[in-house]
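To keep things clear, I will list the structure first and then write my remarks on it.
Predicted, not measured: the structure shown is a model, and the values here were computed from it.
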There are 2 protein chains.
Amino acid sequence: MTVRFQTFDDTSERAQSAARVVALRAEVKVQNLDGFVVPRADRQQNEYLPASEERLAWLTGFTGSAGAAIVLADRAVLFVDGRYTVQAAAQTDANVFTIAHLVETPPTEWLEHNLTSGTRLGYDPWLHTRDGAERLRKACTAAGAEMVAVEHNPIDALWRDRPAPPSGRVVLHDIRFAGESAADKLARIRTELGKQRTDALVVSDPQNVAWAFNIRGNDIAHTPLALAFALVPREGQPALYVDAAKLDNAVRAGLQDTADVRAPEDLTRDLSALTGTVRLDQTSAADAFTRLIANGGKPTLGVDPITLMKSVKNRAEIAGSRAAHQRDGAALAHFLAWFDREAPKGKLTEIDAVGALEDFRRDTGLLKDVSFPTIAGSGPNGAIVHYRVTRESNRRIGTSELFLIDSGAQYEDGTTDVTRTVVVGEATAEMRDRFSRVLKGHIAIATAIFPEGTSGAQLDPLARIALWQAGLDYDHGTGHCVGSYLSVHEGPARISKLGTVALRRGMILSNEPGYYKTAAFGIRTENLLLVIAEPDPNGAEKPLNAFETLTLAPIDRRLIEPTMLTIKERTWLDSYHERVAATISPLVEDETARWLEKATRPL
Amino acid sequence: MTVRFQTFDDTSERAQSAARVVALRAEVKVQNLDGFVVPRADRQQNEYLPASEERLAWLTGFTGSAGAAIVLADRAVLFVDGRYTVQAAAQTDANVFTIAHLVETPPTEWLEHNLTSGTRLGYDPWLHTRDGAERLRKACTAAGAEMVAVEHNPIDALWRDRPAPPSGRVVLHDIRFAGESAADKLARIRTELGKQRTDALVVSDPQNVAWAFNIRGNDIAHTPLALAFALVPREGQPALYVDAAKLDNAVRAGLQDTADVRAPEDLTRDLSALTGTVRLDQTSAADAFTRLIANGGKPTLGVDPITLMKSVKNRAEIAGSRAAHQRDGAALAHFLAWFDREAPKGKLTEIDAVGALEDFRRDTGLLKDVSFPTIAGSGPNGAIVHYRVTRESNRRIGTSELFLIDSGAQYEDGTTDVTRTVVVGEATAEMRDRFSRVLKGHIAIATAIFPEGTSGAQLDPLARIALWQAGLDYDHGTGHCVGSYLSVHEGPARISKLGTVALRRGMILSNEPGYYKTAAFGIRTENLLLVIAEPDPNGAEKPLNAFETLTLAPIDRRLIEPTMLTIKERTWLDSYHERVAATISPLVEDETARWLEKATRPL
């Protein structure tokens, strides 16, 4: 086993935290401030941060994926959400940081009640969105305090041995996979700017930069992104701001006709020089951008139109995704067959499973990365929704329990994301009941037919009804958009209470209802779906959409209580399994093919 | 037939409109303005306006229930929504007003594109909410123009023969029906103000005034409201602002201990004198309030906490609603039996039906009013969702078509709202298919089981799935809250895409999916539901809610295609019909009882 794309270490530097906070307080004072806010964020609000941007972890020891700290002269507080309260307590020094609940007592509320009049609280305007900064500012103002944008982040002045910023090579994303040239995409973006009476667009989300210019990079874990910005004027040549060291001559030549390549340092100057209406992406543009543009232009915060364009996949991207899912399905079949043989022997650990699955995917010869760190939760660990196994938490997989594995791959032709829950040994009646309810929800989404214009919020309850009827539910959304060899989580639509964006044909979304019994087991069944025109519209009065399931992997029949399924649900499951067998069997070795045959038999 | 609570006349004064607009322009000029905005609204944003507040109808001739006009020196525009484009064209003078679409080119957008720099546009700050005024102001500013609040509404200066403001008598709402004394309600409101750190609450919604002080009035059609305001300080005696002429000695004595009764004129002075944080109801408080309070206090716009309290009915209100629904169900059974006998003769008109239904309800001896003007749409008129029959539109009901009747009653113990669609002659296969799909949606809501905290937006799609599957849908929400001898439409929850408020036990909501085939027929099946604790929670992990159907009236079996219903759906229908028969039969005369027996037979 040679895991390459994932680590299992706890990297907390808890022991250094106290001294670092002391140093930060001194530095803050030098800057004539009384405190400082440290979000877990980089300049582009990336989901995965480069090591050089892990300021929150450096300062506090806390390595979770979401949080913020506020350091004042006499106290320091770390805000984390419900997932991370235990981890945060373990990783931080209780003499230095108190832990607060990010949702129940958010930083804004804390500031309102804890700042005294006249306090000057510093923040780095490059690490907060405008909306985020405004919320904090409002809280400060309510307390009679002042939010002050710093010129230089005080942590950067203190951080010795700070890792160098990433310098991953940029490659051109082949038109075979992209399906549309950068020039054509940019023309469409400009048309959209015209419609929205916008003079220029600042592209601050690196996913959107990658899509618009058909480039991919290697700066961010699990996502082929380059840390780059772009400026697209309604008229004239777009500019791409990216470190020249990342580009070889071929890439430079390829970009030549579509963009002026400029140094990242030039961005500040160029933004200050803008006039007219400038669109900024509300969710990724730094507060600093608004401030720079306001010098001469009119910054307007909103949705970057690229976010929607990117989410609607073209023929090449859809064909690529289908191919990627066949390949990935074969790797997953190998894994599931292997797991079924090995797990009952009682020797496997969660890390073994993660490694084996990565190995099977690497055996395809085309794996670029995993699309996120695999969630491999056995028994009670399965109930921890965002569980990530470390050497400390690693658990031997029992011979009579559930095992939940949520994983994905980055291939050049597509990004995958799939969850299966399988049983080792015998399932209890409760497990089968819960699994069947989750499956009913999964099938309700997979078979939904809905008018054009329907949002994910409208579909979300379909996934929950069977659970609701038993007084059960799950505490996460049902689906998110997935990129094309890009981020496994992308905007703008989602299947959740908050998903108000209409689903469009060509979007790829996950379908992942679940059920979690704390300290006992977790269940999730996840496939990716493509939004398509309903193939049999049959006299419909409005354009109708439906889903095509892209993911191809058996769903554990041993966990299904057949009497709980309707005839329609059984028919769906059997025909899905038939398709899985027909597509995947030719791609796997004999032992797996035999296993697959059994695993996909009709109920 | 003696219809008392409804009229069928077209009251448009189209002919006078041109002269009135000329006069308005002159008056506006005298006030040093270039134009004026005329919303269809009174000072409390009531759904039904007193005649004295129908400024938009006076000016334009348009009598619809929603709209706004903008009059500039050289042009005038009337904004109406899709329901009213035909009616607006017929009722207004095309030489004076152009008609614009309220949703597609709203006033804000029109102002942005049509105002010239320096224009001074007047508005009456008593007739707009703060949010509404701010939106208009923003549009004016974008055009370089200015929004100016007038001291005196120019229309009021011109309107001769303006009807006197209503002076309906106020009565105390008996504790038997209210279930909680005004003193106890006010104590709860004060506790809530304390929790929200609010020093005073301005109660601007007359429904909330009525609920809090246990009073009912007679100023507004179909809703037992007094035009009154209240001011509830966190400490000290609340003030009730109501015309003294509306109160007799007994009512005055009854109010004595809970409120200072003051003249409506005193409100302005009292609001200006406030200090501290003052909560204003976002949806009903006039812009003028914010301006007055800002003199000394801190106005905060939000949700009036009474809106939620009022929506959660207590035992007495629930018992009252059940009794009202039995009484109303008997009246409706009489009507439906009568209709079934008379309609096939081919002589009934829509107005006849409206009159007969009102008569049957008045026969109960307890009818206070209808809860809204009855919608009685035969054949193609059934497809007009907000159809209201007039002498001009009145149609003879055909002997082979659908008839949709949506109506409700005000009784002291409860407010009702019910829609039935019945067939005259033979239904087509299409009608039966559509009716059965609507019924499947209705049953899906009626039988839903959902965790505490679920919003109406989450339930709404359940009502649509069966329609979606055939490419059909309906263009309105599925349900609204209903008052207790108060407004038939109340806040804060609704079953619709926009219903983000969680449903609470004790709320009463409508369940009214439909289907409309333009120029052909309309279908809607509406019952009122009470949110209850799921009676059989069966090991649920979270508190579970369900609905109890309150409305008791047969659903036309002739329109159901039994093969389209699942066993569960048939079981629901049969047991609902059994309950209707058992409850209503003892309350009706023999002929109706015999009809009811047939109408409620198992499928």
Side-chain angles (χ1 to χ4, degrees), chain A residues 112-113 142 197 277 298 300 430 433-434 444-445 447-475 478 495-500 502 515-518 520 533-534 536-546 566-568, chain B residues 112-113 142 197 277 298 300 430 433-434 444-445 447-475 478 495-500 502 515-518 520 533-534 536-546 566-568:
Chain A
E112 249 187 84
H113 295 126
R197 290 183 236 169
T277 306
K298 192 179 160 199
T300 59
E430 183 190 27
D433 176 90
R434 300 317 187 234
I445 296 288
T447 59
I449 298 174
F450 47 95
E452 180 76 14
T454 300
S455 69
Q458 293 180 274
L459 296 178
D460 181 72
L462 307 190
R464 301 180 193 267
I465 299 170
L467 286 163
W468 286 356
Q469 278 166 350
L472 313 171
D473 200 356
Y474 52 95
D475 208 9
T478 303
I495 303 176
S496 98
K497 212 164 147 175
L498 304 170
T500 51
Y515 169 76
Y516 310 92
K517 181 164 177 164
T518 306
E534 159 63 18
D536 175 21
N538 182 32
E541 293 177 357
K542 15 181 103 188
L544 273 191
N545 293 335
T566 64
I567 294 170
K568 275 190 189 170
Chain B
E112 248 187 86
H113 295 127
R197 290 183 238 169
T277 307
K298 193 178 159 199
T300 60
E430 184 191 25
D433 177 273
R434 301 317 187 230
I445 297 287
T447 59
I449 299 173
F450 47 97
E452 180 76 15
T454 300
S455 69
Q458 292 180 275
L459 297 178
D460 181 71
L462 308 190
R464 301 181 193 268
I465 298 168
L467 288 162
W468 287 354
Q469 277 165 351
L472 313 171
D473 202 356
Y474 53 94
D475 209 9
T478 303
I495 303 175
S496 101
K497 214 166 149 172
L498 305 170
T500 51
Y515 169 75
Y516 309 92
K517 181 163 176 163
T518 306
E534 159 63 17
D536 174 22
N538 183 30
E541 292 178 357
K542 14 180 102 189
L544 272 190
N545 293 335
T566 63
I567 293 169
K568 273 190 191 172

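Counting all heavy atoms, side chain and backbone alike, A:A502 lies closest to A:G453 at CB-O, 3.6 Å. Closest heavy-atom contact between A:F450 and A:A546: CE2-CA, 4.0 Å. Smallest separation of non-hydrogen atoms from B:A444 and B:L462: CB-O, 3.5 Å.
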- Query: What's the verdict on side chain to side chain contact (heavy atoms under 4.5 Å, CB included) for A:K568 and A:T447, showing C-alpha distance, side-chain angles and the deciding distance?
  - Reply: CA-CA 10 Å; A:K568 275 190 189 170; A:T447 59; over 6 Å; no
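For a residue to count as touching a neighbouring chain, one of its non-hydrogen atoms must lie under 4.5 Å from one of that chain's; by this rule B:T566 does not touch chain A. Of the two parts of A:L467, neither the backbone nor the side chain holds a non-hydrogen atom closer than 4.5 Å to a non-hydrogen atom of chain B. Of the atoms belonging to A:I449, heavy atoms from both backbone and side chain fall under 4.5 Å from chain B. Within the 4.5 angstrom heavy-atom criterion, only side-chain atoms of A:K497, from C-beta onward, approach chain B.
In this structure, the side chain of B:R464 engages the main chain of B:Y474 through a donor-acceptor pair within 3.5 Å.
With chain B as partner, the option from A:L459, A:T500, A:T454, A:D460 having the largest number of non-hydrogen pairs under 4.5 angstrom is A:T454. Between chain A and the residues B:K517, B:E534, B:K542, B:E452, the largest count of heavy-atom pairs under 4.5 Å involves B:K542.
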